[in-house]
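Everything quoted here is computed from the prediction, not taken from an experiment.
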Amino acid sequence: MELGVGPTTSGAQTGTLSLPHYEVQAIKEIASQLNKKDWNFSDPCSNKTTVDSPHTDQYFNTIICNCSISANDLDGVLPPSLAKLPYLKQVNLGQNYLSGSIPHEWASTKLEQLLIGANNLSGTVPGFLGDITTLKDLSLESNLFSGAVPPEFGKLVNLESLFLSANSLTGELPGSLTNLTKLQVLRIGSNNFTGRIPDFFQSWKQLTVLEMQASGFGGPIPSTLSVLNNLTQLRISDLNGGSSEFPDLRSMKNMERLMLRSCNLRGRIPDYISTMTRLITLDLSFNRLDGNIPNFADLMGLATILLSKCLSPCSKDQYSLHINCGGRRTTIGNIKYEGDEDPGGPAKFVQNAAGYWGFSSTGNFWDVRSTTMDHIANNVSVLRMNNSELYTTARLSPLSVTYYARCLANGNYTVTLHFAEIVYRDNRSYYSVGRRIFDVYIQGKRVLKDFNIKKEANGVDKEVIKTFKAFVNDKTLEIGFRWAGKGTTNVPKRGIYGSLVSAISVESDFKPPDESKTNKFILAGVVSALCLIFMSLGVLWWKGCFGGRPSREQVLKGLDLQTGFFTFKQIKAATNNFDAANKIGEGGFGSVYKGVLLDGSIIAVKQLSSKSKQGNQEFVNEIGMISALRHPNLVKLHGCCVEGKQLLLVYEYMENNSLAHSLFGSAECQLKLDWPRRQKICVGIARGLAFLQEESPLKVVHRDIKATNILLDRDLNPKISDFGLAKLDEEDNTHITTRVAGTIGYMAPEYALWGYLTHKADVYSFGIVALETVAGIKNTKFGPYEDYVCLLDWALVSQQKGELMGLVDPRLGSEFNKEEAIRMIKVALLCTNPSPALRPTMSTVVSMLEGRTHVHELILDPGVHGEQSRFQALTDYMGHPRDPCSRESGSLFHSSDTASFASSSLLANPATSNQS
């Protein structure tokens with residue numbers, strides 16, 4: 001603290017002056033209140049000088065006392081006795097461990113500088129600070145202040161710098177701040193303000209530094225920002241909503257550091273950015289900007305531009321990965337953690353020697369001179385936790401760092417993240433008042449928001465371990481850590497902030513294949529082909545095409561399709577003799593029962609009904625199809641039982657029944673499906689279909705995708721079931737000559753009407769399921785006297801009227817992601833396009849649902865779907881009510897019905913008839 005005590009009058013022009021007794025006593029009280037015990041109170045201003053200041057005919061002598069008490073680990077309170085020093089001009093109590101609130105006594109001071117940042121101060125910011133109208137510099141940053149900025153601050157007309165960052169301030173900025181016309185530096189980031197960015201810039205034309213990172217404000221950025229011609233630093237980030245074009249900054253010729261990160265900016269980066277010849281750092285990341293990057297060849301000082309990186313192809317599947325982030329290679333138990341000692345940098349991609357993993361780091365630390373060593377943190381004390389080798393270092397990033405676990409076999413994985421706060425301290429010093437807050441993303445989805453290691457661990461040097469599930473479908477797992485502008489940035493010194501991760505573990509949830517056996521890549525195709533041959537032979541034998549029909553036992557035991565065989569006695573015991581209490585579903589194929597094997601495994605048993613005419617063929621078909629397919633979003637077949645007349649399939653048990661059960665069942669049957677769960681379910685179904693159509697060695701058309709055939713496990717992960725009607729996708733044989741099979745309300749029009757079958761039929765069915773998931777309404781719920789033929793009809797009309805939000809299930813209330821809901825509806829409508837050629841592939845659907853691909857909205861006249869609507873009318877006529885809690889199986893739409901309907905459709909549309 002610098003104490004400018006005076007002026008005091010002396011008769012001599014020069015000489016040694018001493019403080020008045022009352023000021024010495026006041027300093028002693030201040031020391032006591034600050035818990036400062038090492039001042040020499042016999043001479044508290046030991047560094048005395050006499051300054052002669054001529055003013056007319058008089059000399060005014062001022063005593064300068066330099067009693068430094070900033071960054072002094074003081075753990076008292078703000079001293080009310082400061083008010084007893086009437087000539088005090090500057091107070092710097094920053095970087096201490098002071099607590100409590102701001103004393104009301106300070107309102108009477110004539111301070112010009114008040115710096116109390118980086119402490120443990122709390123409470124509301126008092127309005128009486130506005131009475132200190134002499135203030136030029138006010139710093140309250142990095143404390144625990146809450147509440148609104150008081151309107152009395154409008155009286156601080158001499159204020160030149162105002163620091164309010166890293167608190168918990170709320171509300172809107174008061175309009176009285178437009179009176180601060182001398183303001184040059186304003187920092188208000190990392191708060192919880194509300195509303196849009198205030199349009200005060202016309203009054204703040206003297207600003208040279210404006211920092212509004214993660215302030216809580218929403219966009220768009222006011223156009224009047226362009227009047228700030230004197231800006232050298234502009235930092236705005238993490239705006240809530242309100243997209244806008246790139247602001248007009250062409251008049252800011254002195255700009256040195258520009259950040260407009262995550263501001264929902266759209267459009268092009270303006271070319272004039274390349275004319276800002278003083279620009280050193282530019283951060284425009286996490287926006288929706290397009291077009292070309294301007295030519296920065298003339299900006300020799302530009303240090304950081306954030307660009308994306310590319311990865312090389314994989315040669316071999318991996319099933320696990322363990323990284324000691326920022327540290328050396330180490331072994332914990334039987335797990336070997338790979339070293340990660342590259343220093344990183346502001347825009348750098350690093351790949352390990354084998355190419356199986358790497359990381360990209362972006363961003364410079366602002367307000368300091370960054371070095372490459374800033375991107376690895378080292379512990380500053382002895383670590384006593386288990387496996388301390390993982391926590392002695394950590395990877396640090398001022399903006400974002402993304403690890404890429406590459407070449408992974410597709411499937412489900414468990415991701416374990418290790419954290420420990422090894423920079424901030426836990427003692428009674430300003431080293432402990434820092435707050436590190438960041439977000440964590442896995443596969444692009446945020447899994448931790450505003451994560452604070454120290455808070456989670458209840459202290460420093462303590463490990464925090466977080467575990468997540470992730471799905472890999474393109475050989476790559478992305479784990480990202482992003483600082484979103486929150487927390488402190490100046491403790492224990494400026495430039496200390498950002499994400500921090502100690503170690504990463506990735507393990508597959510499935511058993512890796514034994515490379516010594518015949519399941520390598522080359523043989524995989526052979527095995528799949530053999531499965532197909534055996535299945536086809538089985539169906540042909542069943543139909544007697546080879547002169548005789550063997551027993552079911554002979555056929556099924558001749559199919560080496562990697563399924564287990566159960567005895568009827570086992571299944572009878574597991575289901576308690578097919579007790580009705582264990583019955584969990586009923587469909588056209590037969591009943592489904594819950595069972596418990598002797599080892600405690602829970603299973604689902606599908607029993608062929610003796611009344612099912614198609615059951616035998618479907619039974620063989622399902623075994624053949626599903627045993628050759630493995631994917632996290634396909635139900636797993638454990639085996640079968642064939643004894644006498646008994647045909648049973650044994651599946652993994654799905655705890656939460658079907659999607660239809662949850663969406664359409666009676667109130668007591670329904671699960672609470674909030675929006676994130678519905679989004680997750682739709683993406684999972686789409687991934688399963690993408691596997692069947694594009695990734696599986698057997699390209700399969702399911703033919704019966706519907707809400708009842710989507711089963712949900714304990715974690716509400718969706719799994720496609722019932723492959724009894726599935727067919728191989730034969731590009732050169734798309735016409736069905738026997739019968740059209742599927743479920744009314746989900747069948748694509750070209751298939752139902754003309755028997756034309758491709759994988760695009762499943763895309764159509766998915767579109768219907770997606771609509772049902774958003775709306776919570778079955779496609780066929782509408783009766784003949786209602787305004788709409790079906791849910792699809794309602795969706796098309798709503799799209800034309802621009803009223804898609806009206807489709808959303810009212811059970812969701814207002815707490816759902818509206819952007820995702822609208823996106824899902826638009827994707828569903830693309831999938832149900834009358835023309836199969838115009839429907840997207842399922843891999844594209846996955847990308848669109850996850851927000852990685854733009855959804856091209858195609859607005860169709862509902863009349864274009866006339867044939868679909870009439871088809872839906874026949875659907876309603878033929879439909880039968882079922883138990884809303886049951887798992888209904890696929891009903892069959894026979895070719896005779898199809899032909900009749902096709903004829904009526906042609907009669908109703910002569911133009912179509914002529915074309916045919």
**Asked** When you look at Leu169 and Asn192, which way does the side-chain contact (heavy atoms from CB on, under 4.5 Å) test go after all the steps?
**Response** CA-CA 6 Å; Leu169 301 177; Asn192 300 313; over 6 Å; no
Backbone N or O of [Y] within a donor-acceptor pair of the [X] side chain at under 3.5 Å?
X	Y	value
Ser190	Gly487	yes
Asn387	Leu390	no
Gln113	Asn92	no
Asp713	Leu716	yes
Asn120	Leu98	no
Asn143	Ile116	yes
Asn240	Gly216	yes
Gln184	Leu207	no
Asp340	Gly326	yes

Does some side-chain heavy atom of [Y] sit less than 4.5 Å from a side-chain heavy atom of [X]?
X	Y	value
Ser505	His418	yes
Lys469	Asp509	yes
Ile332	Tyr337	yes
Glu421	Val423	yes
Val846	Thr853	no
Ile236	Ile197	yes
Tyr356	Leu321	no
Ile221	Leu265	yes

**Request:** Give a yes or no on whether the ring-centroid distance for Tyr413 and Phe510 is below 6.0 angstrom.
**Result:**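 When the ring centroids of Tyr413 and Phe510 are compared, they turn out to be within the sub-6.0 Å range.
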Could you tell me whether the side chains of [X] and [Y] share a donor-acceptor contact shorter than 3.5 Å?
X	Y	result
Ser146	Ser168	no
Ser142	Thr488	no
Thr232	Asn254	no
Thr489	Arg187	no
Arg257	Thr281	yes

**Message:** Determine whether Phe163 and Leu115 satisfy the following criterion, side-chain contact (heavy atoms from CB on, under 4.5 Å), listing intermediate values before the conclusion.
**Reply:** CA-CA 9 Å; Phe163 293 71; Leu115 311 179; over 6 Å; no
**Message:** Any carboxylate oxygen within less than 4.0 angstrom of a Lys/Arg side-chain nitrogen, looking at Asp238 and Arg482?
**Reply:**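 Yes, this pair counts.
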**Prompt:** Going from OG on Ser397 to CZ on Phe365, what distance comes out if it is rounded to the nearest 0.5 angstrom?
**Reply:**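 Spacing of OG (Ser397) from CZ (Phe365) equals 6.5 Å.
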**Asked** About how many Å separate CG of Leu289 and CG of Asn264, when rounded to the nearest 0.5 Å?
**Response**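 Answer for the CG-CG pair, Asn264 versus Leu289, is 10.5 Å.
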**Request:** Assess whether side chain to side chain donor-acceptor pair (under 3.5 Å) is satisfied between Thr416 and Lys466, documenting all intermediate values.
**Result:** CA-CA 6 Å; Thr416 304; Lys466 294 287 186 180; over 6 Å; no
What are the two closest heavy atoms between [X] and [Y], and how far apart are they?
X	Y	result
Met385	Ala420	CE-CB, 4.2 Å
Phe438	Leu500	CZ-O, 3.6 Å
Asn96	Asn119	C-OD1, 2.9 Å
Ile442	Val415	CD1-CG1, 4.0 Å
Ala405	Trp357	CA-CB, 4.4 Å
Leu34	Val77	CD2-O, 3.5 Å

**Request:** Would you sort out whether Lys454 and Arg435 count as a side-chain contact (heavy atoms from CB on, under 4.5 Å), showing the intermediate values?
**Result:** CA-CA 8 Å; Lys454 180 179 173 181; Arg435 297 188 297 279; over 6 Å; no
**Request:** Measure from NZ or CZ of Arg687 to the centre of the six-membered ring of Phe471 and say whether it is under 6.0 Å with the direction within 45° of the ring axis.
**Result:**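 No, Arg687 does not sit over the ring of Phe471.
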**Request:** Tell me, please, whether Phe359 has Arg395 positioned over its six-membered ring: NZ or CZ under 6.0 Å from the ring centre and within 45 degrees of its axis?
**Result:**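 Yes, Arg395 lies over the aromatic ring of Phe359.
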**Asked** Leu231 and Met255: side-chain contact (heavy atoms from CB on, under 4.5 Å), yes or no, with the steps?
**Response** CA-CA 6 Å; Leu231 279 182; Met255 186 68 70; 4.0 Å; yes
**Prompt:** For the residue pair Trp483 and Tyr497, does the interplanar ring angle fall in the parallel (under 30°), tilted (30 to 60°) or perpendicular (over 60°) class?
**Reply:**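 Tilted: the ring planes of Trp483 and Tyr497 meet at 30° to 60°.
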**Request:** Take atom CZ of Arg494 as the centre, draw a 6.0 Å sphere, and report whether it contains more than 12 heavy atoms from other residues, nucleotides or ligands.
**Result:**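 Atom CZ in Arg494 is packed in, count exceeds 12.
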**Message:** Taking NZ in Lys680 as the centre, count heavy atoms belonging to other residues, nucleotides or ligands within less than 6.0 Å. Is the count above 12?
**Reply:**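 For Lys680, atom NZ is crowded (more than 12 foreign heavy atoms under 6.0 Å).
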**Request:** Any chance you could lay out the side chain to side chain donor-acceptor pair (under 3.5 Å) test for Thr362 and Ser400, step after step, and finish with the verdict?
**Result:** CA-CA 5 Å; Thr362 56; Ser400 69; 2.6 Å; yes
